[in-house]
Peer 1: 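I have a structure here, written as structure tokens, and I will follow up with some questions on it.
For clarity, every value in this text was computed on a predicted model and none was experimentally measured. Each chain gets a letter, A, B and so on, in the order its sequence line appears, and its residues count up from 1.
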Amino acid sequence: MREQLRIALQTCFGYRSFRPGQEEVISRIMCGESVLGLLATGGGKSLTFQLPALLLPGITLVVSPLISLMTDQVQQLRAQKKIPAATLNSAQSREEARETLRGLEQGRFKLLYVSPERLQQPVVQNVLKRIGVSLFAVDEAHCISQWGHDFRTDYLRLPEAAKRLGNPPVLALTATATAEVREEICQLFAIKPENVVALPVNRANIALDVIHAEDEGERRSLALKLMDSLAGQGIVYCSTRQAVEVLVSSYQIEGKKRIHGYHGGMESMERMLVQAQFASGELDLIVATNAFGMGIDKADIRFVLHYQMPASLEAYAQEIGRVGRDGKPGYAALFAVREDVQIHQHMVEKEYPTQEQVEQYCRLLASGAFPSPEQLAALEISPETAELLAFYAEKAGARQADGTVVRNVDERRIARAIIQALERRKLKKLQKLTAMVRFAQERNQCLRKSLNRYFGDEQHSFATQCCTYCGLSRDAYTGPSPGRSEEEMPWDFRRALARLLPNL
DNA sequence: CGGGGTAGCTATACAGCTACCCCGGTGCCGTATT
């Protein structure tokens, strides 16, 4: 079989050999096993379901978190004309979606990309059931633990969907997962421990730096200097949209590089444009919230700065992991200011409903139906929170198969179950935050070891430089970057304006 | 909790200060609306 796979790889994709981990994953899938693949992004993750898609009889379903990821991949596949692929999502017109469904029924596709939300729709499930799903792939599977438990609960309904589709083998793929997240994914999809294919977490070519600053002012001047002096293209992560806007404006006053902000509050067209400009090298610096990341398939990003601390070491690892995929030296610096923990604490607090809100919600359930939008608004429960409450209420047995509420539901028991589930999640989030804080406040332990150990990796080798505490020369990463020329009119104009009107 | 914006005061400076208020991340989907 190994030989067959190699031939398929050569003839269909034009590669002579597999990259680390790929063959391992694919051969197990072809044996009908469910697999969890922990492969570095850019390491050819998508090939591990694209190749089986060609060899397996029915259709391969790919659950993907972002519309942009789905359209990108489908376009690429169509351009290569190797694999007939399609996607279903809300960016399409009704007509397009109908056409895709028709094509599916006629067996015109081998690969279908969908969001977890779309997969919940009965129409979609029925069509898939009829044509037969041979492989159920979940791309960026860390989203299950990262988002599933709070604002995208449909992620947690994936195992149920797989069951309804006749239990095809599942391939869950991600780049970063702690032992705990691995366990959760394995349990959800009944993946055997021996079918976890993991590559080392350690990124030997990235130097890890932590820069302690007393206050916001000191941090800002240090960061602005660093942004200007580091060589190559880079990303600066902030934890709020406001911080992004402010940092971009202050950089533009004196900074020399081509820079742009990026966050979820921007128009989707602008976001696409900015990402494309960064990819093509027309921008040197992106200042972003955690919205910027997935789907960035750029090998030569030279540095990532964390202007503020992220909410977990998972997020941190994912974000610095975008540096140096080409294997050349890269640099990651985290600015540590004590107060940064507050914003994350606030978000965790805000995210979950109060005990009283849960009780009132359950009282409404007891009256025989899921609360209406008006009732939810009266309780000051956001639509996202309502979704979360409905999910946990269902899990506690408050919902019947037809979608209505169970008669004479025990409101107290349901409320208790929901509150417990929410408390558990909240505690987990706070523990992750604590681990992140500990890492940021570290004053002598090797950062590489701390980070790798968090993910259960004991391999700590490094290529050029290790970390702040093992000794690090920042000068090694400075140098000229493409930058913008001084004569460039629009930029000079903008700079002059910024000087005059710093608040614009 | 803390950063940033703004109103308002002082009192003559094309500001500086304080007190106060507001807001804070990640994305599907579908329906109503511009």
Peer 1: Testing A:Ile381, A:Thr153, A:Ile418 for side-chain contact (heavy atoms from CB on, under 4.5 Å) with A:Leu388, which one passes?
Peer 2: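 Of all the options given, the one that passes is A:Thr153.
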Peer 1: Does A:Pro116 reach a base, just sugar-phosphate, or nothing at all? Heavy atoms under 4.0 Å.
Peer 2: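 No contact.
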Peer 1: With rounding to whole Å, what would you report as the distance between B:dC17 and B:dA13 at their C1' atoms?
Peer 2: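 One C1' to the other, the span is 13 Å.
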Peer 1: Between A:Asp139 (CG) and B:dC28 (P), how many Å, whole number?
Peer 2: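 The answer, rounded to whole Å, is 14 Å.
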Peer 1: Could you tell me the separation between the CD atom of A:Gln342 and the P atom of B:dG3, rounded to a whole number of Å?
Peer 2: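 Answer to the nearest Å: 10 Å.
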Peer 1: Of the nucleotides B:dC29, B:dT31, B:dT26, which one has an atom closest to the side chain of A:Ala291?
Peer 2: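 Closest of the options to the side chain of A:Ala291: B:dT26.
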Peer 1: Could you tell me which nucleotide pairs with B:dT31 by Watson-Crick or G-U wobble geometry, both distances under 3.5 Å, or answer none if nothing does?
Peer 2: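 Checking every strand shown, B:dT31 finds no partner, since no pair has both distances under 3.5 Å.
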Peer 1: Hey, are A:Asp154 and A:Arg157 close enough for a salt bridge, meaning a charged N less than 4.0 Å from a carboxylate O?
Peer 2: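 Looking at A:Asp154 and A:Arg157, the cut-off is met.
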Peer 1: Provide the distance between the two P atoms, one in B:dT12 and one in B:dG16, to the nearest whole Å.
Peer 2: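 Looking at atom P only, B:dT12 and B:dG16 are 14 Å apart.
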Peer 1: Within 45 degrees of the axis of the six-membered ring of A:Tyr331 and under 6.0 Å from its centre: does A:Arg302 put its NZ or CZ there?
Peer 2: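 No.
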Peer 1: Rounded to the Å, how far apart are A:Gln242 CD and B:dT6 P?
Peer 2: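 Distance, rounded to whole Å: 11 Å.
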Peer 1: Which residue, A:Glu339 or A:Met294, contacts DNA chain B at a nucleotide closer to its 5' end, judged by nearest heavy atom?
Peer 2: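 Closest to the 5' end, via its nearest nucleotide, is A:Glu339.
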Peer 1: At less than 3.5 Å, do the side-chain atoms of A:Glu351 and the base atoms of B:dG25 form a donor-acceptor pair?
Peer 2: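 Indeed there is one.
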Peer 1: Looking at A:Arg241, does any N or O in its side chain come under 4.0 Å of the phosphate oxygens OP1/OP2 on B:dT26?
Peer 2: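 Answer is yes, contact under 4.0 Å.
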Peer 1: Taking only the P atom of each, what is the distance from B:dT34 to B:dG27 in whole angstrom?
Peer 2: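 Those two atoms are separated by 26 Å.
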Peer 1: To the nearest Å, how far apart are A:Asn290 CG and B:dG27 P?
Peer 2: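 One finds 8 Å between P of B:dG27 and CG of A:Asn290, rounded.
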Peer 1: How long is the line joining CD of A:Glu140 and C1' of B:dG27, in whole Å?
Peer 2: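 The distance from CD of A:Glu140 to C1' of B:dG27 comes to 14 Å, rounded to the nearest Å.
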Peer 1: A:Phe292 CZ to B:dG27 P: how many Å, rounded?
Peer 2: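 That distance rounds to 13 Å.
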Peer 1: Looking only at side-chain atoms of A:Lys350, point me to the closest of B:dG27, B:dG25, B:dG30.
Peer 2: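 Between B:dG27, B:dG25, B:dG30, the one nearest the side chain of A:Lys350 would be B:dG25.
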Peer 1: Salt bridge or not between A:Arg258 and A:Glu282? Use side-chain N to carboxylate O under 4.0 Å.
Peer 2: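 Judged by the 4.0 Å cut-off on N to carboxylate O distance, A:Arg258 and A:Glu282 do not form a salt bridge.
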Peer 1: What interatomic distance, in whole Å, is found between P of B:dT26 and the corresponding atom of B:dG30?
Peer 2: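 Approximately 23 Å lies between the P atom of B:dG30 and that of B:dT26.
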Peer 1: So what does A:Val246 hit on the nucleic acid, given a heavy-atom distance under 4.0 Å: a base, only sugar-phosphate, or nothing?
Peer 2: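 Sugar-phosphate contact only.
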Peer 1: I want to confirm an ordering. Mapping A:His263 and A:Arg220 to their closest nucleotides on DNA chain B, which one lands closer to the 5' end?
Peer 2: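 The answer here is A:Arg220.
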Peer 1: When all nucleic acid strands are considered with a 4.0 Å heavy-atom cut-off, which category describes A:Arg338: base, sugar-phosphate, or nothing?
Peer 2: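 The answer is nothing, as A:Arg338 stays clear of every strand by at least 4.0 Å.
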Peer 1: Taking the P atom of each, how far is B:dG5 from B:dG25, in whole Å?
Peer 2: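 Here B:dG5 and B:dG25 have their P atoms 14 Å from each other.
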Peer 1: For A:Lys429, is there an ion pair with A:Asp150 - N to carboxylate O distance below 4.0 angstrom?
Peer 2: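 Salt bridge: yes.
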Peer 1: Determine the contact category for A:Glu349: base if any of its heavy atoms lies under 4.0 Å from a base atom, sugar-phosphate if only primed atoms, P, OP1 or OP2 are that close, otherwise nothing.
Peer 2: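 No contact.
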Peer 1: Within this structure, what is the CG-to-C1' distance between A:Asn89 and B:dG30, rounded to whole angstrom?
Peer 2: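 It is 13 Å, rounded to the nearest whole Å.
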Peer 1: Counting any heavy atom closer than 4.0 Å, what does A:Arg271 reach on the DNA or RNA strands: base, sugar-phosphate only, or nothing?
Peer 2: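 Here A:Arg271 touches the backbone only, sparing every base.
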Peer 1: For a quick check of understanding: with a heavy-atom distance under 4.0 Å over all strands, which category does A:Asp154 fall into, base, sugar-phosphate or nothing?
Peer 2: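 No contact.
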Peer 1: Should B:dA13 form a Watson-Crick or G-U wobble pair with both distances under 3.5 Å, which nucleotide is its partner?
Peer 2: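 The answer is none; no pair meets the criterion.
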Peer 1: Given A:Glu216 and A:Arg220, is the salt bridge (Lys or Arg N to Asp or Glu O under 4.0 Å) satisfied, shown in steps?
Peer 2: CA-CA 6 Å; A:Glu216 183 54 29; A:Arg220 179 160 314 160; 3.4 Å; yes
Peer 1: Under 4.0 Å between a Lys/Arg side-chain N and an Asp/Glu carboxylate O for A:Lys350 and A:Glu380?
Peer 2: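 A salt bridge is absent here (no side-chain N lies under 4.0 Å from a carboxylate O).
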Peer 1: Examine B:dT26: is either OP1 or OP2 under 4.0 Å from a nitrogen or oxygen in the side chain of A:Thr289? Give yes or no.
Peer 2: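 Affirmative; the distance criterion is met.
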Peer 1: Does B:dC29 have OP1 or OP2 sitting under 4.0 Å from an N or O in the side chain of A:Ser115?
Peer 2: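 So the side chain of A:Ser115 is within the cut-off, an N or O lying under 4.0 Å from OP1 or OP2 of B:dC29.
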Peer 1: May I have the distance from A:Glu319 (atom CD) to B:dG25 (atom P), rounded to whole angstrom?
Peer 2: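 Whole-Å distance recorded here is 14 Å.
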